[in-house]
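By convention here, the first residue in the shown sequence is residue 1.
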Amino acid sequence: YICTQALHWKTKEGLVRGCACGDRDGVSSPELGVAHVSCLARQAKILCDEGEETDLDGEAFDKRWMRWEECGLCEQRYHGFVWCALGWACWKTYLGRPET
């Protein structure tokens, strides 16, 4: 998926599974669908930042925004503590921005 090391080099957080990527095509694999929450959050932020910089229209930007809520590979919504952690990360990311 995204991350290859069990512990994030900076945050020391472990890998999580929050979507269906670990069970693709009916084959369960512990190596698929695992990532650090901070890496998922960083990826979502980068996509949204790029969308704002290029002034994407509503539908194209909304697709990027959904990366805070769903996996870009299997397109399943994150669940459990991964969903909660990404919601918190999103809130922290955009908390101090001025309203438009």
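The environment of CH2 in Trp83 is sparse: at most 12 heavy-atom neighbours from other residues, nucleotides or ligands sit within 6.0 Å.
Shown here are the side chain to side chain donor-acceptor pair (under 3.5 Å) partners of Thr93, two or more places apart in sequence or in another chain: there are none. In this structure, the side chain to side chain donor-acceptor pair (under 3.5 Å) partners of Glu13, at least two apart in sequence or on a different chain, are Thr11, Ser38. When the ring pair (Phe, Tyr, Trp, His ring centres under 6.0 Å) test is applied to Trp88, the partners found at least two apart in sequence or on another chain are Trp91.
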Give the C-alpha distance, both sets of side-chain angles, the deciding distance and a yes or no for side chain to side chain contact (heavy atoms under 4.5 Å, CB included) between Leu15 and His36.
CA-CA 5 Å; Leu15 296 168; His36 305 104; 3.5 Å; yes

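Considering NE2 of His79 and SG of Cys71, their distance stands at 10.0 Å, rounded to 0.5 Å.
Closest approach of Ala41 to Trp68, counting heavy atoms only: O-CH2, 3.6 Å. Minimum heavy-atom separation, Gly18 to Val82: CA-CG2, 3.9 Å.
Here the side chains of Glu70 and Gln76 are not in contact, with every heavy-atom distance at 4.5 Å or above. Between Cys84 and Tyr78, the closest side-chain pair of non-hydrogen atoms is not below 4.5 Å. The shortest distance between side-chain heavy atoms of Leu40 and Leu86 falls below 4.5 Å.
Residue Leu56 is not grouped with residue Leu47 when hydrophobic side chains (ILVMFWY) are merged at heavy-atom distances under 4.5 angstrom, including chains of intermediate members. Tracing side-chain contacts under 4.5 Å through hydrophobic residues (I, L, V, M, F, W, Y), one reaches Tyr94 starting from Phe61; they form part of the same cluster.
Between Arg64 and the choices Glu53, Glu52, Glu50, the salt bridge (charged side-chain N to carboxylate O under 4.0 Å, His left out) rule is met once, by Glu50.
A salt bridge links Arg77 to Glu69: one of the charged nitrogens lies within less than 4.0 Å of a carboxylate oxygen.
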